[in-house]
Amino acid sequence: MLGGMVGVAVAAQIGPAGTWLPSLRRALAPRLCGPMPPGTVAITFDDGPHPLGTIAVLDELDRLDWKATFFVLGSQVRLFPDVVTETLRRGHRVELHGDDHRYLIARPPWSAAADLERGIDTIGEVTGRVPTWWRPAYGVLSGPALLAARRLRLRPVLWSAWGRDWRAAATRESIVGDLEAGDLAGGTVLLHDSDVMSDPDSWRSTVAALPLLADRLAERGLTVGRFGD
Ligand SMILES: [Zn+2]
């Protein structure tokens with residue numbers, strides 16, 4: 001099952017910051033899209049921790065009384081460990097995005113495994129907890145990385161809706177519009193609390209979009225649940 005899926009994933013990959021089409025992915029691999037109970041949606045953030053972006057996101061999540069999941073980079077965790085502990089202190093989940101943000105398919109097989117292991121070790125050292133979920137960089141899976149993830153007891157997960165919030169041109173309206181173009185109900189939202197892989201200060205638009213997203217979710221009768229709970 002996973003082997004065939006990987007081939008399709010790689011073949012359908014599009015664009016440097018993009019990934020394969022969400023609708024295609026959802027049809028082929030629904031469990032990878034972060035399914036949530038009906039009527040709920042999970043909010044997730046990639047590429048942190050970031051000393052400004054993550055804290056601003058945490059403050060807005062507190063205002064909205066939302067709990068979220070942060071897929072962090074080991075390289076960023078080593079730079080800003082206090083931001084990770086603060087994320088946990090506020091009741092959010094911290095999982096693995098990778099150690100270094102590179103396409104796993106561009107790496108030799110042992111390199112993909114080493115990346116996951118280093119990321120796990122770094123998160124473990126800072127939080128005392130081993131991550132159990134993994135979202136690959138760019139949403140691109142590779143066979144060796146999937147095998148390594150299985151050995152390391154990491155469950156891969158992607159998303160069902162994204163805000164395309166890494167772009168300087170993104171606004172609160174465009175972010176929420178892009179999210180609504182995806183599958184929100186019973187799904188998982190991808191946003192970014194960091195600009196290390198994005199246009200500078202892109203997280204500011206992400207933060208601004210959260211209250212508007214809250215309004216839209218309320219209109220649809222959707223509530224926020226935390227991914228992986
Ligand atoms: Zn990323």
Side-chain angles (χ1 to χ4, degrees), residues 1-10 13 19-20 25-26 28-37 40-49 54 67-78 80-81 83-85 87-160 186-190 192-194 225-229:
M1 166 72 182
L2 279 178
M5 209 164 64
V6 171
V8 174
V10 173
Q13 175 195 335
T19 181
W20 35 316
R25 186 176 62 225
R26 185 143 207 181
L28 292 171
R31 277 188 305 168
L32 269 180
C33 299
M36 291 287 290
T40 68
V41 57
I43 311 293
T44 70
F45 298 91
D46 284 9
D47 296 355
T54 304
K67 298 301 183 198
T69 298
F70 291 77
F71 289 90
V72 299
L73 293 167
S75 53
Q76 288 293 107
V77 173
R78 288 189 290 279
F80 307 109
V83 178
V84 177
T85 53
T87 301
L88 288 170
R89 191 188 69 76
R90 298 206 200 182
H92 305 287
R93 181 182 285 269
V94 172
E95 301 291 350
L96 180 65
H97 193 31
D99 195 74
D100 185 25
H101 205 288
R102 282 191 289 164
Y103 277 110
L104 290 173
I105 53 174
R107 300 172 177 222
W110 65 86
S111 172
D115 181 89
L116 296 182
E117 288 170 357
R118 192 173 188 206
I120 289 172
D121 288 348
T122 296
I123 292 174
E125 286 166 13
V126 170
T127 69
R129 184 185 162 276
V130 173
T132 56
W133 293 94
W134 164 58
R135 176 179 285 151
Y138 305 106
V140 176
L141 297 160
S142 73
L146 273 174
L147 288 175
R150 187 178 298 176
R151 177 171 58 80
L152 296 166
R153 301 183 186 282
L154 286 171
R155 297 176 63 182
V157 63
L158 299 175
W159 58 87
S160 67
T188 289
V189 158
L190 167 64
H192 296 79
D193 58 320
S194 161
R226 186 167 52 180
F227 176 82
D229 280 355

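Positions are given from 1 along the sequence. Because only heavy atoms are used, hydrogens play no part in the values below, and waters and symmetry mates are left out as well, while side chains stay in.
A distance-only check finds a donor-acceptor pair linking the side chain of Thr122 to the backbone of Arg118 [under 3.5 Å]. A donor-acceptor distance shorter than 3.5 angstrom exists from the side chain of Asp115 to the backbone of Asp99, with no hydrogens or angles considered.
Under the 4.5 Å side-chain criterion, counting only non-hydrogen atoms from C-beta, Pro49 is not in contact with Thr87. Side-chain contact between Thr132 and Arg155 is absent, with no heavy-atom pair separated by less than 4.5 Å. Residues Leu158 and Pro136 have side chains in contact (heavy-atom distance under 4.5 Å, counting atoms from C-beta outward). For the pair Val94 and Pro131, the minimum side-chain heavy-atom distance is 4.5 Å or more. Here the side chains of Glu95 and Val72 are not in contact, with every heavy-atom distance at 4.5 Å or above.
The distance from atom CZ of Phe71 to atom CH2 of Trp134, rounded to the nearest 0.5 Å, is 11.0 Å. In this structure, CG in Leu96 is found 11.5 Å from CZ in Arg135, a value given to the nearest 0.5 Å. Interatomic distance, Lys67 NZ to Arg93 CZ, rounded to the nearest 0.5 Å: 13.0 Å. Rounding to the nearest 0.5 Å gives a distance of 9.5 Å between OG of Ser194 and CG of Asp46. We find the OG1-CG distance between Thr127 and Leu88 to be 6.0 Å, quoted to the nearest 0.5 Å. A distance of 10.0 Å separates CZ in Arg78 from CD1 in Ile123, rounded to the nearest 0.5 Å.
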Might you work through the side chain to side chain contact (heavy atoms under 4.5 Å, CB included) test for Leu154 and Arg151, ending with a clear yes or no?
-> CA-CA 8 Å; Leu154 286 171; Arg151 177 171 58 80; over 6 Å; no
Check the pair Ile120, Val130 against side chain to side chain contact (heavy atoms under 4.5 Å, CB included), reporting the backbone distance first and the verdict last.
-> CA-CA 6 Å; Ile120 289 172; Val130 173; 3.9 Å; yes
Going through the distances and angles, do Tyr138 and His101 end up as a ring pair (Phe, Tyr, Trp, His ring centres under 6.0 Å)?
-> CA-CA 8 Å; Tyr138 305 106; His101 205 288; 4.7 Å; yes
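Leu116 and Ala149 get closest at one heavy-atom pair: CD1-N, 3.9 Å.
Between Phe70 and His92, the distance from one ring center to the other falls under 6.0 angstrom.
Side-chain contact annotation: Asp193 with Thr54, donor-acceptor N/O pair under 3.5 Å present.
Applying side chain to side chain contact (heavy atoms under 4.5 Å, CB included) to Thr188 and the options Val41, Ile43, Thr44 leaves one that passes, Thr44.
The 12-atom threshold is exceeded at CZ of Arg226, counting heavy atoms of other residues, nucleotides or ligands nearer than 6.0 Å.
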